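Data block below; observations after.
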Amino acid sequence: MIQRAREPMDRNLAMELVRVTEAAALSASQHMGKGDKELVDQAAVDAMRFTLDSVRMDGIVVIGEGEKDEAPMLYIGERIGDGSDPNVDIAVDPVDGTTLLSKGLPGAISAIALSEQGTMHVPREVAYMNKIAVGPDARDAIDIEAPVSVNLRSIARALGRKIGELTVVVLDRPRHEQLLKEIRAAGARVKLISDGDVAAGIQAAMPDSGVDVLMGIGGTPEGVLTAAAIRCVGGEIQCKPWPRNDEERKRAHDAGLDLNHVYVTEELVSGDDVFFAATGCSTGELLHGVRYFTGGAETYSLVMRSRSGTVRRITSVHNFNLIDKVRARPRK
């Protein structure tokens, strides 16, 4: 059997992926503040799935809604796209911050990342990882196994600042009680967030965001998505598996996962060309949320590519009357 050559990724897929996050944000944001996380998530997933099918690629979902088990949409291992070149891995978070959006709180985004097939590495045996993330100027200054105070001194030195001028973003969870004590003892400022550590990790990696470092334990899939974004802006994330209980620890051991291993950015997402797109669902510090007006809406997105290092901020106006007409046409 003759194997046909695979086409390299010579086009900017991030410009096509942003249509996917826009669609998810538009659908999910219609349910903002209704108090129903499942409704928010399903609306985003349905919109993502529909739009992804039109993208010219042969993709495999490596981060999605879990292994297929009556999962209607975007399950891990699902093939998406139209089946043509290039072959890619896809990581999706239809809404990072479903609780935020369901409560009408700021900071929810829709995010997606893509790289060459076989280059996204997700230690699925553990649901959480300990993380530290910074931007380009401090990328060589961090060591997740070093004490918090040592990391903060190194980051401050790399940025040419005092520790008291650093802002550390941390998920507001009981598990971070000791971490917060150490950050405060070192003299750094703390920004607590209730959800949404993908957006927080991106902020930590971007200049002039008001956030200098992300620290603490968060979701493993979110760590890989953040790594994809950081590949595009040149920062660094380090992650270490954090099993929640003995059962998860045993599962990791049986799978041969080294719980002492430190995953760095290029290991989590090792592709030569990484694409990332995110659209705001509810207005936060990283992105404005969806703004509705009569007959349409406006969305605000972040679009990035690692090969060029280009970061775009895109504002899009959506005319619902014209969109409905286009969708009503049968596909040829």
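Heavy-atom basis, side chains included; hydrogens, waters and symmetry copies ignored. Just so it is clear, the model here is predicted, and its values are computed rather than measured.
- Sorted pairs that involve residues 310-322 and meet salt bridge (charged side-chain N to carboxylate O under 4.0 Å, His left out), not counting sequence neighbours, are lacking altogether.
- Ile144 and Ile155 fall within the same hydrophobic cluster, where Ile, Leu, Val, Met, Phe, Trp and Tyr residues are linked whenever their side-chain heavy atoms come under 4.5 Å apart, directly or through other members.
- Salt bridge present: Glu78 and Arg49 bring a charged side-chain N and a carboxylate O closer than 4.0 Å.
- A salt bridge between Arg291 and Glu298 is present, with a side-chain N of the basic residue lying under 4.0 Å from a carboxylate O of the acidic one.
- With hydrogens and angles ignored, the 3.5 Å screen pairs no side-chain donor or acceptor of Arg231 with any backbone N or O of Asp273.
- At least one donor-acceptor pair closer than 3.5 Å links the side chain of Ser282 to the backbone N or O of Leu105.
- With Arg153 contributing its side chain and Ile163 its backbone, the two residues share no donor-acceptor pair below 3.5 Å.
- In this view, His288 and Tyr300 satisfy the ring pair (Phe, Tyr, Trp, His ring centres under 6.0 Å) rule, not counting sequence neighbours.
- Within the structure, salt bridge (charged side-chain N to carboxylate O under 4.0 Å, His left out) contacts touching residues 208-228 (residues at least two apart or in different chains) are Arg161-Asp212.
- For Tyr128, there are no ring pair (Phe, Tyr, Trp, His ring centres under 6.0 Å) partners, not counting sequence neighbours.
- Under the salt bridge (charged side-chain N to carboxylate O under 4.0 Å, His left out) criterion, no residue pair touches residues 101-111, with sequence neighbours excluded.
- Comment: Lys37 does not engage Asp41 in a salt bridge, judged by the lack of any side-chain N to carboxylate O separation of less than 4.0 angstrom.
- Donor-acceptor pairing under 3.5 Å is lacking for the side chains of Gln42 and Glu38.
- Taking every heavy atom of both residues into account, Ala23 and Thr51 meet most closely at CB-OG1, 3.4 Å.
- Two rings, from Tyr263 and His261, have their centers less than 6.0 Å apart.
- Between Asp272 and Arg307 no salt bridge is recorded (no basic side-chain N to carboxylate O distance below 4.0 Å).
- Between Arg139 and Glu266, at least one side-chain nitrogen of the basic residue sits less than 4.0 Å from a carboxylate oxygen of the acidic one, meeting the salt-bridge criterion.
- The pair Glu145-Lys240 meets the salt-bridge criterion, with a side-chain N (NZ, NE, NH1 or NH2) lying under 4.0 Å from an Asp/Glu carboxylate O.
- The stretch residues 195-207 participates, sequence neighbours left out, in these side chain to side chain donor-acceptor pair (under 3.5 Å) pairs: Lys131-Asp197, Arg173-Asp195, Gln203-Glu285.
- The pair Arg251-Glu248 meets the salt-bridge criterion, since a charged nitrogen lies less than 4.0 angstrom from a carboxylate oxygen.
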